[in-house]
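Beneath this line is the structure, given in structure tokens, with notes to follow.
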Amino acid sequence: MSILMISAAFLLIAVFYYASGKKLRLPPGPMGLPIVGYLPWIDPKAPHETLTKLTRKYGPICGLRMGSVYTVILSDPRLVRQVLAKDAFSGRAPLYLTHGIMHGYGLICAEGELWRDQRRFVAGCLKNFGMVKFGPRRDRMERRILAAVEECISKLKDRSKVDGFEPNETLHHCMGNVMNDLVFGKTYDEDDPVWNWLRKLQEEGVKYIGIAGPLNFLPFLRFLPRYGNTMYTLNDGKLKTHEIYRKIIEEHRSAPKKTESVLAAFDGEMTNRTNSNDLGYFTEPQFYHLLADIFGAGTDTTLTTLRWFLLFMAAYPEEQEKICREMQQVLSDKEPTLDDRAALTRLEAAIAEVQRLRSVVPVGIPHGTFEDTKIGEYDIPKGTMVVPMQWAIHTDPSYWSDPLEFKPERFIADDGNLAKPEAFLPFQTGKRMCVGDELARMTLFLFSARILHRFIVSAPPNTPVDLEGECGITLVPKPHRLIFTVRERTTT
């Protein structure tokens, strides 16, 4: 009874406070229903399209309630850059799945000093491994990526048929092995049972979390069988994944390899800190969650972009030929390398246009506010979810002519160099910008360039290319088949 009385007292104080003194000026937005807010009107198959329509109606700062979470959607690139550069907006949204499953560990869901400490650690690792613009470290990184690229090309050549084949498994294996190498210091054979299970879990996890969207905002749904089963599946998958990581860590500790990997670097730091009795944030739970975050984020987004790129190349063969003519002029018969990026403008522009037109994370990665703050003239309460609406920005006719058309030339400046439009935010921006953005660019370039240098990518005869996606956490292509025809090599 005493707890109920205390709760009631706090409620009365809150009502009195807001009724008598504090009147918030919130951003304009749609009305919702009690408890569920605007959730019933959000299309679960295309939430990015629903939210984009709201930004077109209410403006670049739009507020609405999604279940228990007050949400602000930003759709102006300058505003996004300004807001996400501030400490007050560097938290994570108070979503049930991320907080209830990840418990604030890792990097993606971490906040505060834990996040700052671990981001510095990861950024330092990637820089040491070779995520730099030039030099011997970058050359070592390039060789590691190219090992996976060459395996991919060999498998595409062996598996391509007259009627095409679904390339996702091959691409996932090869690009996943880039991250396996960098994160764990090991790679897998394609038919390895552990690796098969991890790949399937990653694909299913992305879908499950997308389907469970309402659970993020209405935690009581976990008591319903459908969502309860989803929670069990996600938690069970996490625990089994961490058990696999534990075994990999034990393998490393029993026979340490002289390899550059996040696992080896973290374990070394743990050892040093254990000896000095100051573990800080280098704990076992953080170890497992960080490995999962770096591997998952590094694989899923880059893989999905590559899948979209190849699909657009099949849908626009004339653009594919422009890229290949440019490669022939620049490279002759030499294989493309990272040193050729600046000269292969058409290829870089096509990759950028795919990133714009098919934003892999169309609603961006939601941020959260640490304190009561403001955006312009509007009050933003503590605990607000702030969404940098990537899809809305990337398809806004105010910034892009014919925004839904595939036009790589929009990324080519008058002087022939790659243009960098202000409204292009493929890796987000601000304090929580993707920590591995340059690694993603390197990987995308090497896979895309070498595949197009070796193959003509096309759709099976009389088969239209479906460029509509399926939305979970990421916007992925629907299942499809492609043909990889070996190019005839010519020399000049």
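Worth saying up front: this structure is predicted, and the values here are computed from it rather than measured.
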Item to check | side chain to side chain contact (heavy atoms under 4.5 Å, CB included) partners of Ala413, counting only residues at least two apart | outcome: Asp415, Ala419
Output a table of donor-acceptor pairs, distance under 3.5 Å, between side-chain atoms of residues 404-412 and any protein atom two or more places apart or on a different chain; print 'none' if there are none.
residue : atom : partner : partner atom : Å
Lys407  : NZ   : Asp402  : OD2          : 2.5
Glu409  : OE1  : Arg346  : NH2          : 3.3
Arg410  : NE   : Glu353  : OE1          : 3.2
Arg410  : NE   : Glu353  : OE2          : 3.0
Arg410  : NE   : Lys407  : O            : 3.4
Arg410  : NH1  : Ser401  : O            : 2.8
Arg410  : NH2  : Ser401  : O            : 3.4
Arg410  : NH2  : Asp402  : O            : 3.2
Arg410  : NH2  : Glu405  : O            : 3.1

Next on the checklist: Under the rule for salt bridge (Lys or Arg N to Asp or Glu O under 4.0 Å), what residues qualify as partners of Glu321, not counting sequence neighbours?
Outcome noted: Arg487
Checklist entry - What is the ring orientation for Tyr316 with Phe312, classed by angle as parallel under 30°, tilted 30 to 60°, or perpendicular over 60°? => result parallel
Next on the checklist: Between Phe295 and Val262, is the side chain to side chain contact (heavy atoms under 4.5 Å, CB included) condition met? List the steps.
Outcome noted: CA-CA 10 Å; Phe295 175 81; Val262 175; over 6 Å; no
Next on the checklist: Contact between Leu425 and His394 at the side-chain level, heavy atoms closer than 4.5 Å - yes or no?
Outcome noted: yes
Item to check | Val457 and Phe309: CA distance, side-chain angles, deciding distance, side chain to side chain contact (heavy atoms under 4.5 Å, CB included) verdict | outcome: CA-CA 10 Å; Val457 183; Phe309 175 80; over 6 Å; no
Item to check | Atom pair CD (Gln118) and CD (Gln286), whose distance is rounded to the nearest 0.5 Å | outcome: 4.0 Å
Item to check | Which residues share a side chain to side chain donor-acceptor pair (under 3.5 Å) with Glu318, sequence neighbours left out | outcome: none
Next on the checklist: Looking at Trp400 and Ile393, would you say the former's side chain and the latter's main chain have a donor-acceptor pair under 3.5 Å?
Outcome noted: yes
Checklist entry - Does any non-hydrogen side-chain atom of Gln428 lie less than 4.5 Å from one of Gln390? => result yes
Item to check | Counterpart residues, ring-ring contact (aromatic ring centres under 6.0 Å, His included), relative to Phe282 (two or more places apart) | outcome: Phe121, Phe266
Checklist entry - Less than 4.5 Å apart, any side-chain heavy atom of Glu335 and any of Arg454? => result yes
Checklist entry - Considering residues at least two apart in sequence or located in another chain, which fulfil the salt bridge (Lys or Arg N to Asp or Glu O under 4.0 Å) criterion with Asp163? => result Arg481
Checklist entry - Would you find a donor on one side and an acceptor on the other, under 3.5 Å apart, between the side chain of Trp308 and the backbone of Leu475? => result yes
Checklist entry - Rounded to the nearest 0.5 Å, how far apart are CG of Leu311 and NE2 of His480? => result 4.5 Å
Checklist entry - Between Asp293 and Leu107, is there a donor-acceptor pair closer than 3.5 Å when you use the side chain of the first and the backbone of the second? => result yes
Item to check | Asp189 side chain vs Asp191 backbone, donor-acceptor pair below 3.5 Å | outcome: no
Item to check | Greater than 12 external heavy atoms within 6.0 Å of Glu250's CD | outcome: yes
Checklist entry - Which pairs count as side-chain hydrogen bond (donor to acceptor under 3.5 Å, both in side chains) when at least one residue sits in residues 172-182, sequence neighbours excluded? => result Arg144-Asp181, Glu151-His173, His172-Gln202, His172-Glu203, His173-Trp195, Asn177-Asn180
Checklist outcome for this item: Between the CG atom in Asp340 and the CE atom in Met327, the distance rounded to the nearest 0.5 Å is 10.0 Å
Checklist outcome for this item: With sequence neighbours left out, the residues meeting salt bridge (Lys or Arg N to Asp or Glu O under 4.0 Å) with Asp267 are Arg253
Checklist entry - Looking at side-chain heavy atoms only, is the closest gap between Thr55 and Leu51 below 4.5 Å? => result no
Item to check | Contacts of Glu422 that satisfy side chain to side chain donor-acceptor pair (under 3.5 Å) - sequence neighbours left out | outcome: Arg78
Item to check | From Thr305, Thr301, Asp300, residue fulfilling side-chain hydrogen bond (donor to acceptor under 3.5 Å, both in side chains) relative to Thr474 | outcome: Asp300
Item to check | Side chain to side chain, Leu306 and Leu444, heavy atoms closer than 4.5 Å | outcome: yes
Next on the checklist: Are Ile483 and Val162 packed together at the side-chain level, in the sense that at least one heavy-atom pair is separated by less than 4.5 angstrom?
Outcome noted: no
Checklist outcome for this item: The reported gap from CG in Leu344 to CD1 in Ile323 (rounded to nearest 0.5 angstrom) is 9.5 Å
Next on the checklist: Using side-chain heavy atoms (C-beta onward) and a distance below 4.5 Å, is Ile153 in contact with Phe455?
Outcome noted: yes
Checklist entry - Quick check: does any side chain N or O of Thr52 sit under 3.5 Å from a backbone N or O of Thr50, one acting as donor and the other as acceptor? => result no
Item to check | Sidechain-backbone polar pair: Ser160 side chain, Leu156 backbone, donor-acceptor under 3.5 Å | outcome: no
Next on the checklist: Once rounded to the nearest 0.5 Å, what's the spacing between atom OG1 of Thr302 and atom CE of Met442?
Outcome noted: 12.0 Å
Next on the checklist: side chain to side chain contact (heavy atoms under 4.5 Å, CB included) for Val183 and Leu263? Distances and angles first, verdict last.
Outcome noted: CA-CA 6 Å; Val183 176; Leu263 184 151; 5.8 Å; no
Checklist entry - Hey, does the side chain of Glu470 reach the backbone of Lys478 with a donor-acceptor pair shorter than 3.5 angstrom? => result no
Checklist entry - With a 4.0 Å cut-off, would you call Arg143 and Asp139 a salt bridge? => result no
Item to check | Pairwise side-chain contact, Arg56 with Thr395, heavy-atom cut-off 4.5 Å (strictly under) | outcome: yes
Item to check | Full working for side chain to side chain contact (heavy atoms under 4.5 Å, CB included) between Leu439 and Met141 | outcome: CA-CA 9 Å; Leu439 173 61; Met141 174 75 85; 3.9 Å; yes
Checklist entry - Are the side chain of Asn128 and the backbone of Cys125 linked by a donor-acceptor contact shorter than 3.5 Å? => result no
Checklist entry - Who pairs with Arg307 by side chain to side chain donor-acceptor pair (under 3.5 Å), at least two apart in sequence or on another chain? => result Asn168
Next on the checklist: Return the CD to CD distance between Glu348 and Glu326, rounded to the nearest 0.5 Å.
Outcome noted: 9.5 Å
Item to check | Nearest non-hydrogen partners of Ala93 and Met385, listed with the distance | outcome: CB-CG, 3.3 Å
Checklist entry - Between Arg246 and Glu243, is there a side-chain N and carboxylate O pair less than 4.0 Å apart? => result yes
Checklist entry - What about Tyr399 and Phe424, are their ring centers closer than 6.0 Å? => result no
Item to check | side chain to side chain donor-acceptor pair (under 3.5 Å) partners of Asp339, counting only residues at least two apart | outcome: Arg138
Checklist outcome for this item: So side-chain hydrogen bond (donor to acceptor under 3.5 Å, both in side chains) across residues 434-443, not counting sequence neighbours, yields Lys133-Glu438, Arg341-Glu438, Asp437-Arg441
Item to check | Arg199 and Thr299: side chain donor to acceptor below 3.5 Å | outcome: no
Item to check | Whether Arg432 side chain and Ile108 backbone form a donor-acceptor pair below 3.5 Å | outcome: yes
Next on the checklist: Quick check against the 3.5 Å criterion: does Ser448 have a side-chain atom that pairs as donor or acceptor with the backbone of Phe445?
Outcome noted: no
